[in-house]
Amino acid sequence: MERQAQGRQAQPFAPRKERGLDSFKRQMRRGNRRTKGKSPLRAILKGVLVAASITVIGVAVFALILNWWNASDRAITAINQVVKFVSILAGVTSAMGAGESGGPMRGACVGVLYMALGILCYCLLIGQNPQLTAYLADLGMGLAAGGLFGMILTTRKAG
């Protein structure tokens, strides 16, 4: 037993590796391989762009349909809301992978940024200064819808 104890003490400890710049770069490459280079900010921006694209396409199709259909103001408002919800859903879906964590936060960010971009574009087209208080309901809808869609999509299984 004494020999085993002496044998353990006689073995020198392995020298501790110094953590330098090379170690940091190696660790970052490993992390990028694991996440496949998809940063959350890039994913959120991609989601906002997808949502904006879906909105442009939806509004264009709806405008063509309105040429033949005489819709009331209530119907137009309802269809605009549906286009916004579908756009937010598409944006959140593209911003998240299956089984990723942080879905509600990422979805809420996509929803709020999408609605803020829409409000900004609307104000630029109309030619007025954006008043935040007038558009708080739209921002709240984007926040709630994006967070809800993110929560639902978090439960998807990675395929």
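A quick note: this is a predicted structure, and the numbers were derived from the prediction, not measured.
- Contact between T154 and P104 at its shortest, heavy atoms only, is OG1-CD, 3.8 Å.
- Identified under the salt bridge (charged side-chain N to carboxylate O under 4.0 Å, His left out) test for residues 123-134, with sequence neighbours left out: none.
- Hydrophobic clustering (side-chain heavy atoms under 4.5 Å, transitive across Ile, Leu, Val, Met, Phe, Trp, Tyr) groups V110 together with L153.
- For C121, the side-chain contact (heavy atoms from CB on, under 4.5 Å) partners at least two apart in sequence or on another chain are L117.
- Residues I44 and C109 approach most closely at CD1-CB, 3.8 Å, considering heavy atoms.
- I119 and V48 fall within the same hydrophobic cluster, where Ile, Leu, Val, Met, Phe, Trp and Tyr residues are linked whenever their side-chain heavy atoms come under 4.5 Å apart, directly or through other members.
- When all heavy atoms of F85 and F149 are compared, the closest pair comes out as O-CE1, 3.7 Å.
- The 12-atom threshold is not exceeded at CE of M105, counting heavy atoms of other residues, nucleotides or ligands nearer than 6.0 Å.
- Partners of L125 by side-chain contact (heavy atoms from CB on, under 4.5 Å), not counting sequence neighbours: none found.
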Without placing hydrogens or testing angles, list every side-chain donor-acceptor pair under 3.5 Å for residues 53-76, not counting sequence neighbours.
| from | atom 1 | to | atom 2 | distance (Å) |
| --- | --- | --- | --- | --- |
| S53 | OG | L49 | O | 2.8 |
| T55 | OG1 | A51 | O | 2.9 |
| T55 | OG1 | S87 | OG | 2.8 |
| T55 | OG1 | Y114 | OH | 2.5 |
| S72 | OG | A75 | N | 3.3 |

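- For L136, the side-chain contact (heavy atoms from CB on, under 4.5 Å) criterion is met by L132, L139, not counting sequence neighbours.
- Of all heavy-atom pairs between G47 and A95, the closest is CA-CB, 4.2 Å.
- Interatomic distance, M141 CE to Y135 OH, rounded to the nearest 0.5 Å: 14.0 Å.
- Note that the CG atom of L120 and the CE atom of M115 stand 13.0 Å from one another [nearest 0.5 Å].
- Smallest separation of non-hydrogen atoms from R106 and A43: NH1-CB, 3.8 Å.
- The minimum heavy-atom distance between L143 and A108, with the atom names listed, is CD1-CB, 3.7 Å.
- Following chains of ILVMFWY side-chain contacts shorter than 4.5 Å, one can reach L113 starting from M96, so the two form part of one hydrophobic cluster.
- Note on residues 128-138: pairs passing salt bridge (charged side-chain N to carboxylate O under 4.0 Å, His left out), not counting sequence neighbours, are K84-D138.
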